[in-house]
Amino acid sequence: RCVSITGIAGPGGATGPKGVGTVYIGMARRGEEGAAEVRRFVFTGGRADIRQRAAMSAVVMLLFGLRGSLGGMKLLWESAG
């Protein structure tokens, strides 16, 4: 498995619906076509806070993904859209 993170940690860079704190975390599994999952998060705080929360959320996604228990679980700070 692997994870990736992209988003807007601030203080600038916000555009339209993608405000500061909007982060996307993706996770994929090797050898399985279509086995990628992307989740949207909205974090609060300063740049360092947002980066730390994004990294921690990616590690949690990876941990639950390796255990096979991520499924439909909604994570803290995860946004519906």
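Sequence positions, counted from 1, serve as the residue numbers for this chain.
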Heavy-atom closest contact (A14 atom, G19 atom, distance):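 A14 and G19 have their closest heavy atoms at CB-CA, 3.9 Å.
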Where M27 and G65 come nearest, the two heavy atoms and their spacing: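 Taking M27 first and G65 second, the nearest heavy atoms are CE-CA, 4.0 Å.
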Between [atom1] on residue [X] and [atom2] on residue [Y], distance to nearest 0.5 Å:
| X | Y | atom1 | atom2 | answer |
| --- | --- | --- | --- | --- |
| F41 | M61 | CZ | CE | 5.5 Å |
| Y24 | S79 | OH | OG | 8.0 Å |
| I8 | R47 | CD1 | CZ | 11.0 Å |

Any donor and acceptor pair, going by atom type alone, linking the side chain of [X] with main-chain N or O of [Y] inside 3.5 Å?
| X | Y | answer |
| --- | --- | --- |
| R40 | V23 | no |
| S57 | A54 | no |
| R29 | R1 | no |

Grouping I, L, V, M, F, W and Y whenever their side-chain heavy atoms are under 4.5 Å apart, do [X] and [Y] come out in a common cluster?
| X | Y | value |
| --- | --- | --- |
| L75 | I25 | yes |
| L66 | V3 | yes |
| I50 | V42 | no |

Residue pair R53, T44: steps toward the side chain to side chain contact (heavy atoms under 4.5 Å, CB included) verdict: CA-CA 9 Å; R53 290 175 183 148; T44 58; 3.6 Å; yes
CD (Q52) with more than 12 external heavy atoms under 6.0 Å: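 Counting neighbours around CD of Q52, 12 or fewer heavy atoms of other residues, nucleotides or ligands fall under 6.0 Å, so no.
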R39 CZ: over 12 foreign heavy atoms closer than 6.0 Å: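 Enclosed: over 12 neighbouring heavy atoms sit under 6.0 Å from CZ of R39.
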